[in-house]
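What follows is a set of notes on a single structure, which appears directly below.
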Number of protein chains: 2
Amino acid sequence: MLSKQDHRLIELLRRNARASVTELAKALDLSRSTVQNRINRLEASGVIRSYSVELGGEYALNRVEAHVSIKVQQKLTAKTNLELEQINRVVQLYAVSGEYDLIAIVQAPSLEELSAVLDEIGNLDGVDRTTSSVVLETKFRR
Amino acid sequence: MLSKQDHRLIELLRRNARASVTELAKALDLSRSTVQNRINRLEASGVIRSYSVELGGEYALNRVEAHVSIKVQQKLTAKTNLELEQINRVVQLYAVSGEYDLIAIVQAPSLEELSAVLDEIGNLDGVDRTTSSVVLETKFRR
DNA sequence: ATCTATTTAGTCAATTTGATAAATTTTTGC
DNA sequence: GCAAAAATTTATCAAATTGACTAAATAGAT
């Protein structure tokens, strides 16, 4: 069970995953060892999977992204998943229910490369059809 | 300009943003102060926007997600963006080009709540039509 | 080739960490 | 309501890490 405190801790870590345990303890008004125990527990139990970094600025400028909805031929689902995982520009892949079967998030350093990857995906054996949405702007993330 | 070293450093931080500067320096075979300087610079220049946490396990189990593609009435674009930002379950919002104008990522603790939010979005003034994809499984993220 | 600017190496004291033990509080089952 | 179990707090230690700094080395420009 995730307690109220766990949620508060997670919230802080979401905002700054590099905060020291000491800082976190102060902000939560808990003892350092409690916070340290909680973090250890959350890591061990898989709630905290990893710590990552949000990039922006110059990095984001040299990066274009698209969301690709994919309709797959049922029989080739497994194969298609594997093939998509081979494509390095595919940074996230979701199985979804609805009109489409998969959603792939693709990132590339230029529109040309992005376009090439979109073609590549569209031409996979198991892919029936795709709808691509090139990201123009990230309105927000939270 | 982002040097080769910057990219290597970013790569490490993506994998574990809580790694100590000392560890990072060891892995990159650079001095600690070099790494510290680089990190400071990357933060100041906006390349590193923040440090965050990837959640899974029990947390992910109590969380359902959907990708919602949204076609907006041009005139009401600004208003719709604001309204979407008001909805707390909308955790990401992108302006996109293609068949749709926006993509909203929605997270909720239950299918019921998710469904309610999807309805809410569909009923916004400026929203022409939506296509929702409920995430069944995250195949991978990287 | 030399001057400048950037990058890297090294050093210090102060802070933070991880690990552990023991005391206290809270939660839970019965 | 109370006893047992679990969680939290306080305290301690040596080891590791940090931030701030100075000096050395390297790269770039003219």
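Per chain, numbering begins at 1; letters A, B, ... match sequence-line order.
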Any side-chain donor paired with an acceptor under 3.5 Å for Ser3(B) and Arg38(B)?
yes
Separation of atom CZ in Arg32(B) from atom P in dA13(C), rounded to whole Å
14 Å
From CZ of Arg38(B) over to P of dT7(C), roughly how many Å is that when rounded to an integer?
7 Å
Value in whole Å for how far the C1' atom of dT8(D) lies from CG of Asp6(A)
13 Å
Determine the minimum heavy-atom distance between His67(B) and Ile105(A), stating which atoms define it.
CE1-CD1, 4.4 Å
Of Asn40(A) and Lys26(A), the one whose nearest nucleotide on DNA chain C sits closer to the 5' end is Lys26(A)
Expressed in angstrom and rounded to an integer, what is the separation of Ile39(A) atom CD1 from dT8(D) atom C1'?
15 Å
Of the candidates dG18(C), dT16(C), dT17(D), the side chain of Glu23(B) sits closest to dT17(D)
Tell me whether the side-chain N/O atoms of Ser20(A) come closer than 4.0 Å to OP1 or OP2 in dT18(D).
no
Verify whether one side chain among Thr77(B) and Thr80(B) offers a donor that lies under 3.5 Å from an acceptor in the other.
no
Report the residue (Gln36(B) or Asn37(A)) whose heavy-atom-nearest nucleotide on DNA chain D is the more 5′ of the two.
Asn37(A)
Can you check side chain to side chain contact (heavy atoms under 4.5 Å, CB included) on Leu42(B) and Leu2(B), steps first, answer last?
CA-CA 9 Å; Leu42(B) 290 172; Leu2(B) 294 184; 3.7 Å; yes
Measure across Arg142(A) and Glu85(B) and return the closest heavy-atom pair with its distance rounded to 0.1 Å.
NH2-O, 3.0 Å
In whole angstroms, the gap separating P of dA16(D) from CG of Leu24(B) amounts to 17 Å
Atom CG of Leu28(A) and atom P of dT8(D): how far apart are they, to the nearest Å?
12 Å
Please confirm whether the shortest side-chain N or O distance from Arg18(A) to OP1 or OP2 of dT17(D) is below 4.0 Å.
no
Is the phosphate of dA9(C) approached by Ser31(B) (side-chain N or O, under 4.0 Å from OP1 or OP2)?
yes
From CZ of Arg41(B) over to P of dT6(C), roughly how many Å is that when rounded to an integer?
10 Å
Please work out if Thr34(A) contacts a base, only the sugar-phosphate, or nothing of the nucleic acid, heavy-atom cut-off 4.0 Å.
base
OP1 or OP2 of dA9(C) sitting under 4.0 Å from any side-chain N/O of Ser33(B)?
no
Rounded to the nearest angstrom, tell me the gap between atom CG in Leu30(B) and atom P in dT7(C).
12 Å
